[in-house]
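Since this is a predicted model, take the numbers as computed values, not measurements. So you know, we letter chains A, B, ... as the sequences are listed, proteins then strands, and number each from 1. These values consider heavy atoms only, across backbone and side chains, with no hydrogens, waters or symmetry-generated copies.
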There are 2 protein chains.
Amino acid sequence: MTLDNRKKNVLQAIVDDYVATCEPVGSKSLIDRHDFMVSSATLRNDMAELERLGYLEQPHTSAGRIPSDKGYREYVNSLMKVDCLSDEEGQEIKEKLGRSFDEIASLLKAAASTLADQTGYISLAMTPKLASSYLTQLKMLMIEPGKVLVVVVLSAGVVKNRMVRIPDFLTQEQIAQISNAVEQGLSGMPLSEISLITVATAAKDNQKVELPDSLLNQVLYEAYTAIKQADNLDVYMDGKHRMLALPEFSDTRRAQELFNTLSHDGLVAGYVDEVTKEDEKKQYMIRIGQEITLEGLNDCSFITTTYTVNGKVAGNIGVIGPKRMEYSKVISQINFVRMLIDQQLSDS
Amino acid sequence: MTLDNRKKNVLQAIVDDYVATCEPVGSKSLIDRHDFMVSSATLRNDMAELERLGYLEQPHTSAGRIPSDKGYREYVNSLMKVDCLSDEEGQEIKEKLGRSFDEIASLLKAAASTLADQTGYISLAMTPKLASSYLTQLKMLMIEPGKVLVVVVLSAGVVKNRMVRIPDFLTQEQIAQISNAVEQGLSGMPLSEISLITVATAAKDNQKVELPDSLLNQVLYEAYTAIKQADNLDVYMDGKHRMLALPEFSDTRRAQELFNTLSHDGLVAGYVDEVTKEDEKKQYMIRIGQEITLEGLNDCSFITTTYTVNGKVAGNIGVIGPKRMEYSKVISQINFVRMLIDQQLSDS
DNA sequence: GTTTAGCACTCTACCTTTCTGAGTGCTAAA
DNA sequence: TTTAGCACTCAGAAAGGTAGAGTGCTAAAC
């Protein structure tokens, strides 16, 4: 069953109005605000029909209608007008993200902050993920006897370091030789293929130092965990505090549930990953209300997109806001930010 | 004017009750809950007197009393019973912080998380600050032509890295020579004394490579900014979302103000620094309500203490909670965590 | 068949009023 | 100095009343 034209317009108008005011929309105010060439009674009939079909909900009998999840979904899929970023907005974003960032971490942090500022909602930016990364460099720097800094550089430009302990008596030279050997053996290898065994093989094939196996293995183990840890997703989230200003979160309990979930970076990152896989071919992923399978986010909508490093699928950025979100605006903002990230990460 | 003994007991009892219930305390319930050997009428007189002296406040005529900032202050300074951590609590904390951490960042992150879990309030942990740090190492690793990772190691065990761009044609050897020269010249020097000039002097005194001055200066400038940036305080904050569960923040506006301020790490860090200087000699710093000169935190209390690295004053950890805080419990928790941090940072 | 005017109906939000009870301060006696 | 007793105050809950935004339905008009 497909909606006739007027019903589509009615649904669209109701979503638009509700997004703007956060108040249930009645037939009268709908007439006032839009140029329907029919009477309020006609709209009432349409609205009743839309409700029967599940696109609208009524908080109580004598109130107006608000969009249901299904209503928002229809709106997002086929009703909303995709609007372009205004020049000023584009300019503002460019001012914050235009300059060249030397590290992916600071780029993503800035992206999250910009996105939060511009949308007024919660933003997040995640480092590139495992699947698309391979090891490019591995360095081990002796900081003091027994303490070594392992620096791991991944293809996507991610740099991670980790301090590890090794036996006191190993020298900088020995350590350097080991790390060179491992680097030679593994550089270019996708992270997913790196295991304790491949690390060991790489080291033993290439190294010239004589070290007892047990000692060598100890060092290799540390190198291995450092590499593995480097593919941990980092999540940069910003703008949380803004949600408290929204009327839908004036009830502290809701805000509490939301913040509770958001305080677990890992949960959110995992969810984004899942969603990205489901909608693989799409340019952006949208999840609305109950569609979100993360506890505490059922009053929210979640929009994510994927940025690329040198043209390859890499990490995600996204926005979490109320269901009553300015979808098309947020989408264009997110797209613009993604574009700037892509640019920065390809011209390197 | 000093309070007589019974008045002290009354004040103490009122604070204790109010902390427990968050409800104004009346003379009747005070009698019920404590063994004062006098009648409620007597207590009423005492309470009226305490109010006249500014230790108590009355939300309205027919309500009980709640402690004023001055009342809390008196309580903290001389009334509360300092209680020890229960064995289980100590055990729980040890479980989370007992294992050895290789990096100061992960230690502090874990400390913040533990403190938030244990207290139920907001915790924070800050990296060691400038004054107590000197440079121990400086390494520059060529990641790819034109891109160099500068690794800065400070005395307190802080490791920071920063990616910088340099002219494409410089080789790893040239870069290594420069960084070795700078490291030799500066290692052991307090951060506060390092300037662009000292960096340049160090490089020119020690290096043997021939490079045009303009090129060399470009590299040195990047090294210098990397060093300077390394003394930026990192702030780890945890447990924010818990505040929403407290009755004093069921009004979203207050929570919003609080979160707004807390979203600026720098502000908080700056304030902690200020407070630490004021109370230099004290083991811990306490600020209550209006005593806190940070907008949005006037309904809170703030307890901080200083951990040491090898016996020297270093960074801060702290807890932000409602004024109605379990002061003595929080103090002992904070102290315990500080002790564990001190241990970890001295036996290295 | 679709649209519309008209009307009775519903229900929340808001205001006012009343009532209750916890808590007070004061007075006068112990 | 302490206490019993009492009149007083005031927030908050409960109850009642009103306004108005919005509805659904019916019957007439297009």
Out of dG25(C), dT4(C), dG21(C), which nucleotide sits closest to the side chain of Val38(A)? dT4(C)
Would you say Ser39(A) reaches dT4(C)'s phosphate, i.e. side-chain N/O to OP1/OP2 under 4.0 Å? yes
Just to confirm, is there a sub-4.0 Å distance from OP1 or OP2 of dG25(C) to any side-chain nitrogen or oxygen of Arg65(B)? yes
Would you mind reading off the distance between Arg52(B) atom CZ and dG25(C) atom C1', rounded to a whole angstrom? 14 Å
Is it true that Asp16(A) and Tyr75(A) share a donor-acceptor pair across their side chains at a distance under 3.5 Å? yes
His60(A) NE2 - dC9(C) C1' separation (whole Å): 15 Å
Assuming nearest nucleotide by heavy-atom distance, tell me which of Met37(B) and Pro59(B) is located more 5' along DNA chain D. Met37(B)
Under 4.0 Å between a side-chain N or O of Ser62(B) and OP1 or OP2 of dA11(D)? no
Counting Watson-Crick and G-U wobble pairs only, both distances under 3.5 Å, name the nucleotide matched with dT24(C), or none. dA7(D)
Between CG of Asp32(B) and C1' of dG23(C) the distance, given in whole Å, is 13 Å
When both distances are under 3.5 Å in a Watson-Crick or G-U wobble arrangement, the nucleotide paired with dT2(D) is dA29(C)
Distance check needed: dA22(C) C1' versus Gln58(B) CD, whole Å only. 12 Å
I need the CG-P distance between Asn45(B) and dG25(C), as an integer number of Å. 8 Å
Could you give the CE-to-C1' distance, from Met47(B) to dT3(D), as a whole number of Å? 17 Å
Out of dT24(C), dT3(C), dG25(C), which nucleotide sits closest to the side chain of Ala48(B)? dG25(C)
Atom CD of Glu326(A): over 12 foreign heavy atoms under 6.0 Å: no
Between the side-chain atoms of Thr61(B) and the base atoms of dC10(D), is any donor-acceptor pair under 3.5 Å? no
Any side-chain N or O of Ser27(A) under 4.0 Å from OP1/OP2 of dT23(D)? yes
Per salt bridge (charged side-chain N to carboxylate O under 4.0 Å, His left out), Glu51(B) is matched among Arg44(B), Lys70(B), Arg65(B) by Arg65(B)
Let me know the distance between CD1 of Ile31(B) and P of dA4(D), rounded to the nearest Å. 10 Å
Phosphate OP1/OP2 of dT3(D) contacted by Arg44(B) side-chain N/O (<4.0 Å): no
Quick check on Glu295(B): does its CD atom have over 12 non-hydrogen neighbours (other residues, nucleotides or ligands) under 6.0 Å away? no
Whole-Å gap separating C1' (dT2(C)) and NZ (Lys7(A)): 11 Å
Answer yes when Glu291(A) and Arg73(A) have at least one side-chain N-carboxylate O distance shorter than 4.0 Å, and no when they do not. yes
